[in-house]
Every structure is written in structure tokens, then in C-alpha cells.
Amino acid sequence: MSSGDFFQDVFEIVRLIPNGRVSTYGAIANALGKIGAARQVGYALNNCPSDVPAHRVLNRKGVLSGKHFFGEERMKELLELEGLKVENDVLVNFEKYFWDPSNEL
DNA sequence: AACGTGACACAGC
DNA sequence: AGCTGTGCCACGT
């Protein structure tokens, strides 16, 4: 498990996501300088410790791809509590709530 | 060390 | 406009 450097980077980015905001795998990967490594971002979130609000990380379409791990209802509830709206596992106004890590870093 | 897999992304049809 | 196929990078076995 020593080879988790990439994971840590992802964790930090996701942890920096402000409340009521969301991000995408590609954006995070891009912020890490690993363009195209979107998959690994999800991979990292798969090991997501409790400190990482992975429910704020969606795919390019704003779809809650990770509902399978958190529980579709669980993730939806968390997002709604953040003031977001989830419709059919898809975040409404996703672009509006989109938070670019590279923009903050 | 190599192959296969994977919470994605983009291009082409 | 929607679907299928391929590519990317890193981890797991």
C-alpha cells in the first residue's frame, strides 16, 4: 500500500472541495497533472477514508457514478444536505456547482 | 515483472 | 443526439 501517493493527492483535492460544491474526476486528475487519469481518481476515492467527501465527486456528466459505494440514497442525501439537487442520480445544475481544483490551487 | 481491471473521458459513427 | 469503441494512468493479483 506504499504506492498510494496518487491517492493522497486525490484525497487532498477532494478534501478541499468547499461545501455545496462538486468536482469531476477529470478535473482533479488534471489538477494533479495526470490528465486522462480520471479513472485513478475514482480508484483513490474507492479507498476514500472518512475524511474525504467523495460524494462531491462526480463524472463528466454530473452523474453520481460512485453511488454504488456510498449507497445511491446515501450520496443523494449528502448532496441535498449541501444544498444541491440530485435528479435520477444526476446533479442538477452540475456546471453551476462545479468547482475546479486547478482554479483554487 | 506482466496482465487484467477500473467510481472516467473523448472521438467517431 | 445517443451509443460504441478506444485510450489514459495507476493499482491489484
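A note on names: the letters A, B, ... follow the listed sequences, proteins ahead of strands, and every chain is numbered from 1.
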Q: Measuring from A/Asn93:CG to A/Glu87:CD, what's the distance to the nearest 0.5 Å?
A: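 The CD atom of A/Glu87 is 11.0 Å from CG of A/Asn93, to the nearest 0.5 Å.
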Q: Among B/dA9, C/dC11, B/dA7, which is the nearest nucleotide to the side chain of A/Arg60?
A: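 It is B/dA9.
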Q: I'd like to know if A/Trp99 and A/Leu79 are part of one continuous hydrophobic network [Ile/Leu/Val/Met/Phe/Trp/Tyr, side-chain heavy atoms within less than 4.5 Å].
A: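 No: no chain of side-chain contacts under 4.5 Å links A/Leu79 to A/Trp99.
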Q: Please enumerate all residues that pass side chain to side chain contact (heavy atoms under 4.5 Å, CB included) together with A/Asn88, with sequence neighbours excluded.
A: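 In terms of side chain to side chain contact (heavy atoms under 4.5 Å, CB included), with neighbours along the sequence ignored, A/Asn88 is linked to no residue.
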Q: In whole angstroms, how far is the P atom of C/dC11 from the CD atom of A/Gln8?
A: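 It is 12 Å, rounded to the nearest whole Å.
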Q: At 4.0 Å (heavy atoms only), tell me whether A/Asn59 reaches a base, stays on the sugar-phosphate, or touches nothing.
A: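 Sugar-phosphate, backbone atoms only, no base.
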Q: So what does A/Ala44 hit on the nucleic acid, given a heavy-atom distance under 4.0 Å: a base, only sugar-phosphate, or nothing?
A: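 No contact.
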Q: Tell me the interatomic distance from A/Phe6, atom CZ, to C/dC8, atom C1', rounded to whole angstroms.
A: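 Rounding to the nearest Å, CZ of A/Phe6 and C1' of C/dC8 are 11 Å apart.
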Q: Is the shortest heavy-atom distance from the side chain of A/Leu45 to the side chain of A/Val10 under 4.5 Å?
A: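 Yes - at least one pair of side-chain heavy atoms lies under 4.5 Å apart.
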Q: Rounded to the nearest angstrom, tell me the gap between atom CG in A/Leu45 and atom P in B/dA7.
A: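 To the nearest whole Å, that distance equals 12 Å.
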Q: Measure from CZ on A/Arg74 to C1' on B/dA7 and round the result to the nearest Å.
A: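 In whole Å, B/dA7 C1' lies 17 Å from A/Arg74 CZ.
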Q: Give the nucleotide from the list C/dC11, B/dA7, B/dA9 with an atom nearest to the side chain of A/Phe70.
A: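 My answer, after comparing the listed nucleotides, is B/dA7.
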Q: Name the one of A/Val92, A/Leu91, A/Val90 that satisfies side chain to side chain contact (heavy atoms under 4.5 Å, CB included) with A/Phe94?
A: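 When side chain to side chain contact (heavy atoms under 4.5 Å, CB included) is applied between A/Phe94 and each of A/Val92, A/Leu91, A/Val90, only A/Leu91 qualifies.
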Q: In residues 24-39 of chain A, which residues come under 4.0 Å of DNA chain B by heavy atom?
A: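 Per residue number, the list reads A/Tyr25, A/Gly26, A/Ala38, A/Arg39.
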Q: Using whole Å, what does the distance between atom P of nucleotide C/dA10 and atom CZ of A/Phe11 come to?
A: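 After rounding, the gap between these two atoms is 15 Å.
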Q: Tell me which pairs pass ring-ring contact (aromatic ring centres under 6.0 Å, His included) where either residue lies in residues 14-66 of chain A, with sequence neighbours left out.
A: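 Counting only pairs at least two positions apart or across chains, no ring-ring contact (aromatic ring centres under 6.0 Å, His included) contact touches residues 14-66 of chain A.
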Q: Let me know the distance between NZ of A/Lys76 and P of B/dA7, rounded to the nearest Å.
A: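 Checked: the NZ to P distance equals 22 Å.
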